[in-house]
Amino acid sequence: MNQPEIRVRFAPSPTGALHIGGVRTALYNYLFAKKHNGKFLLRIEDTDQNRYVDFAENYIKESLEWLGIVPDESPWAGGLCSPYRQSERKEIYQEYAHKMVAEGKAYYAFDTAEELEAMRKRLETEGVSNPQYNALSREQMKNSLTLPKEEVEARLKAGEPYTIRIKVPRKEEIRLNDLVRGWVVVHSSQIDDKVLLKSDGMPTYHLANVVDDYLMGITHVIRGEEWLPSAPLHVLLYRFLGWEAKMPQFAHLPLLLKPDGNGKLSKRDGDMHGFPVFPLAWTNPETQETVRGFREEGYLPEALINFLAFLGWNPGTEQEIFSLDELVQAFSIEKISKAGAKFDIKKAQWFNQYYIKQKDNAFWVNYLLQNCPYPLEKIQAEAIVALLKDRITFPKDFWEQAPYLFQTPENYDEQTLASKWTNEVSLVLKQWKTLIPTIDNKDWNAENIKHTLQQITENQGIKLGKVMQPIRIALTGVAQGADLMLIAQIIGKDETLKRIEKILAKMLQKEKI
RNA sequence: GGUCCAUUCGUCUAGGGGUUAGGACGCAUCCCUUUCACGGAUGAAACAGGGGUUCAAUUCCCCUAUGGACUACCA
């Protein structure tokens, strides 16, 4: 017997920027599909017309492409199960919904929003803790179960708005074997008669996802834990539709939680703690509201992937660094953890730093040439990359962490200056200033520069360490940074001289006062 | 409130009836060094609580506590 092909799907709704939790769900689906040589599909769940946001679909596409987790089948790539937008599959859901009504597994409901509200109020005052439209309360409502057949037909014929609701059995245990959590049992009395088809003719999520997963041959549903409570309803739908034998296996992923305290990670947390919770920056076209993105903050896709993979999953070995391909090889649903994972941006930064170091210098030279806001020669870029690559967390640190490579310092670390500046320093600098011009332009490199400085300090019997710190401030303005002699090499002979003169002028003036 | 899910260092987690409870991030100290990083070394740091079962429980069972998700004609 041939094993059926593994087919999984990521099914976001285009309501705005794709949340990072959704990205992780997509990643796990991708990893599982690739691991088993299966297919990863993307389906757009745009059944709520009110929440539809233009460009959101494109945002999803771009995010996944940036991360390299590209679906095999999707609205834009096509596939045998087209269309992959639920709004374009409206008739399909209607057909199944009506079929269920005909078979007595669902029914028409004509209740208005006000009537539903009144029902809930009534039940609450009667002391019902969980008011719902169910086997009991539906008897009091306006639906094809309570209304005379003629009236139902008349209402339908008159074009009166209606919904189709599932007829959940009164007393029954519904069980499902979740791949992450094991058996989950829910009593049918806890599930209400959920709307399957809305009065605008669109399906709700529950109907649409079951119908599509079946029609698209989905073998495993890997989704967030927020879907766990409604999973029994979906099991019921598979049964009512006669698809139980082909029902996919479920795996409900642990949630991504706020870094401090608890609760689902939200957009607010990103704003509060100063880190992105979305893959890409995004401005809502209607509200002009903007959110920041991992990509724009300077996170590398491989770092984000590695970080996200470990939020709720672990290979069981001590290896922490994984490329996408390695993750594919190592991934298994059994290793997914059950408890929610708090979002720790520090770990993401560590991964980023690691992957920056991993990339070869040529990559960063090219990056600098294209992105550095200051004018730059290739030879300078090469020196800068060699100097800073191992010290930075984000690519923009190349210039933000070391502005002195590009500009003469305006301000100096006065505190360090006050404690480290001595007459000896002043003397050394004055001598160095006269010695530097003796270095040929072609010989202007860290080694020779250091040599001249050493000559002076040795002659004067001064320890090099004594003067390095104040000289560093003279050349960079700050008290910390990479190898000073290399910095001097990068900024050039003229600029080095200029900076020495500047600090001498400044300190001399101070002495006079 | 009801239903469901969860609970090992601050965080992500490994482990699983008998372990010095392992790793990583972060933190601290030391080394390297012209400083700061990087790198290296070392260290502090955890089985939510209570009952069982058992010779033995962090591991299995129950309860409690805590946290979370869901509870729409949203997904």
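This one's a predicted model, so the numbers in the text were calculated from it and none came from an experiment. Lettering of chains follows the sequences in order, A, B, ..., and the numbering in each one begins at 1.
Using a 4.0 Å heavy-atom distance criterion, A/Glu226 is classed as a sugar-phosphate-only contact. Residue A/Gly224 is out of contact with every strand shown, counting any heavy-atom pair closer than 4.0 Å. At the heavy-atom level, A/Thr317 lies nowhere under 4.0 Å from the strands shown. Using a 4.0 Å heavy-atom cutoff across all strands shown, A/Ala482 reaches at least one base atom of the nucleic acid. Within 4.0 Å (heavy atoms only), A/Pro470 reaches no atom of the nucleic acid at all. Within 4.0 Å of A/Asp390, counting heavy atoms only, lie sugar-phosphate atoms of the nucleic acid but no base atom. Residue-level contact check: A/Arg223 touches neither bases nor backbone, having no heavy atom under 4.0 Å from any strand. Residue contacts shown for A/Ser13 are limited to sugar-phosphate atoms, with no base heavy atom under 4.0 Å away. Nucleic acid contact for A/Asp111: base, since at least one base atom lies under 4.0 Å from a heavy atom of the residue. In this structure, A/Tyr205 reaches the bases: a heavy-atom distance under 4.0 Å links it to at least one base atom across the strands shown. Using a 4.0 Å heavy-atom distance criterion, A/Lys466 is classed as making no nucleic acid contact. Across all strands shown, A/Arg181 has heavy atoms under 4.0 Å from sugar-phosphate atoms exclusively, and none from any base.
Without hydrogens or angle criteria, A/Asn29 side chain to A/Ile222 main chain gives a donor-acceptor distance under 3.5 Å.
Picking from B/A75, B/G23, B/U3 the nucleotide with the shortest atom distance to the side chain of A/Gln190 gives B/U3. When each of B/C73, B/C38, B/C12 is scored by its nearest atom to the side-chain atoms of A/Ala341, the top-ranked nucleotide is B/C12. Proximity note for A/Ala339 (side chain, C-beta onward) versus B/A6, B/A14, B/U35: the nearest is B/A6. The side chain of A/Glu318 lies closest to B/G22, out of B/C25, B/G22, B/C38. Distance from the side chain of A/Leu228 is smallest for B/C4 among the nucleotides B/C4, B/A75, B/C38. Among B/C38, B/C70, B/C5, the nucleotide with an atom closest to any side-chain atom of A/Gln353 is B/C38. Nearest to the side-chain atoms of A/Thr163 among the listed nucleotides B/C25, B/C12, B/C73 stands B/C73. Side-chain proximity of A/Lys342 to the nucleotides B/C5, B/C12, B/G23 is greatest for B/C12. In the set B/G26, B/C73, B/U7, B/G26 carries the atom at the smallest distance from any side-chain atom of A/Lys346. Out of B/A24, B/A6, B/U35, the shortest distance to the side chain of A/Trp350 is found at B/A24.
Not one side-chain nitrogen or oxygen of A/Lys258 sits closer than 4.0 Å to the OP1 or OP2 atom of B/G68. Under 4.0 angstrom from either OP1 or OP2 of B/C12 there lies no side-chain N or O belonging to A/Lys335. Residue A/Ser337 places at least one side-chain N or O under 4.0 Å from the OP1 or OP2 atom of B/U13. At B/C73, one or more side-chain N or O atoms of A/Arg165 fall inside 4.0 Å of OP1 or OP2 (strictly under the cut-off).
Distance noted for atom P between B/A21 and B/C9: 15 Å (whole Å). The C1' atoms of B/U13 and B/U8 are separated by 9 Å, rounded to the nearest whole Å. To the nearest whole angstrom, the two P atoms, one in B/A6 and one in B/C63, are 14 Å apart. The separation of B/C12 from B/A48, taken at their P atoms, amounts to 14 Å, rounded to a whole angstrom. If you take atom P in B/A45 and the same atom in B/U11, they sit 16 Å apart, rounded to whole Å. Distance check on atom P: B/G50 versus B/A41 gives 39 Å, rounded to whole Å. For the P atom pair drawn from B/G39 and B/G49, the interatomic distance equals 36 Å after rounding to whole Å. Rounded to whole Å, the C1' atom of B/G52 lies 24 Å from the corresponding atom of B/U19.
Checked against the 6.0 Å centroid criterion, the rings of A/Tyr412 and A/Trp421 do not qualify as a close aromatic pair. Under the 6.0 Å cut-off for aromatic ring centres, A/Phe398 and A/Phe406 do not qualify, their centroids lying 6.0 Å or more apart. Aromatic ring centres of A/Tyr28 and A/Phe331 lie closer together than 6.0 Å. Ring pair A/Tyr59/A/Phe278: centre-to-centre distance not below 6.0 Å.
Side-chain atoms of A/Thr204 and base atoms of B/C73 include no donor and acceptor less than 3.5 Å apart. Scanning atom types as modelled, one donor and one acceptor separated by under 3.5 angstrom connect the side chain of A/Lys347 and the base of B/A24.
With a cut-off of 3.5 Å on both pairing distances, the Watson-Crick or G-U wobble partner of B/A24 is B/U11. The nucleotide B/G18 finds its pairing partner in B/C55, both defining distances of the Watson-Crick or G-U wobble pair being shorter than 3.5 Å. Base pairing annotation: B/U34 forms no Watson-Crick or G-U wobble pair, as no partner gives both donor-acceptor distances under 3.5 Å. Base pairing analysis places B/G1 opposite B/U71; the two distances defining the Watson-Crick or G-U wobble pair are each below 3.5 Å. The nucleotide B/U66 finds its pairing partner in B/A6, both defining distances of the Watson-Crick or G-U wobble pair being shorter than 3.5 Å.
Remark: P of B/U3 and CG of A/Leu176 are 18 Å apart, rounded to the nearest angstrom. The interatomic distance linking A/Trp183 (CH2) with B/U3 (C1') rounds to 19 Å, in whole Å. For the pair A/Ile449 CD1 and B/U34 P, the interatomic distance rounds to 17 Å; values are reported in whole Å. The CG atom of A/Asp260 sits 12 Å away from the P atom of B/G68 (whole-angstrom rounding). Rounded to whole Å, atom P of B/A69 lies 18 Å from atom CG of A/Asp178. As a whole-Å value, the separation of A/Leu464 CG from B/U33 C1' is 12 Å. Atom CG in A/Leu207 sits about 14 Å away from atom P in B/C73, given to the nearest Å. One atom, CE of A/Met119, and another, C1' of B/C73, lie 13 Å apart when rounded to the nearest Å.
Using a 4.5 Å cut-off on side-chain heavy atoms (C-beta onward), A/Arg122 and A/Gln140 make contact. With a 4.5 Å cut-off on side-chain heavy atoms, A/Phe322 and A/Pro315 count as touching. With contacts defined as side-chain heavy-atom distances shorter than 4.5 Å, the pair A/Leu453/A/Met485 qualifies.
A/Asn143 and A/Tyr162 share no side-chain donor-acceptor pair at under 3.5 Å. In summary, the side chains of A/Glu382 and A/Asn361 do not present any donor paired with an acceptor at a separation below 3.5 Å, with no hydrogens or angles considered.
Residue A/Lys264 is the one, among A/Lys264 and A/Asp48, whose nearest nucleotide of RNA chain B lies closer to the 5' end (criterion: closest heavy atom). Mapped onto RNA chain B by nearest heavy atom, A/Val185 and A/Gln480 fall at different nucleotides, with A/Val185 at the one closer to the 5' end.
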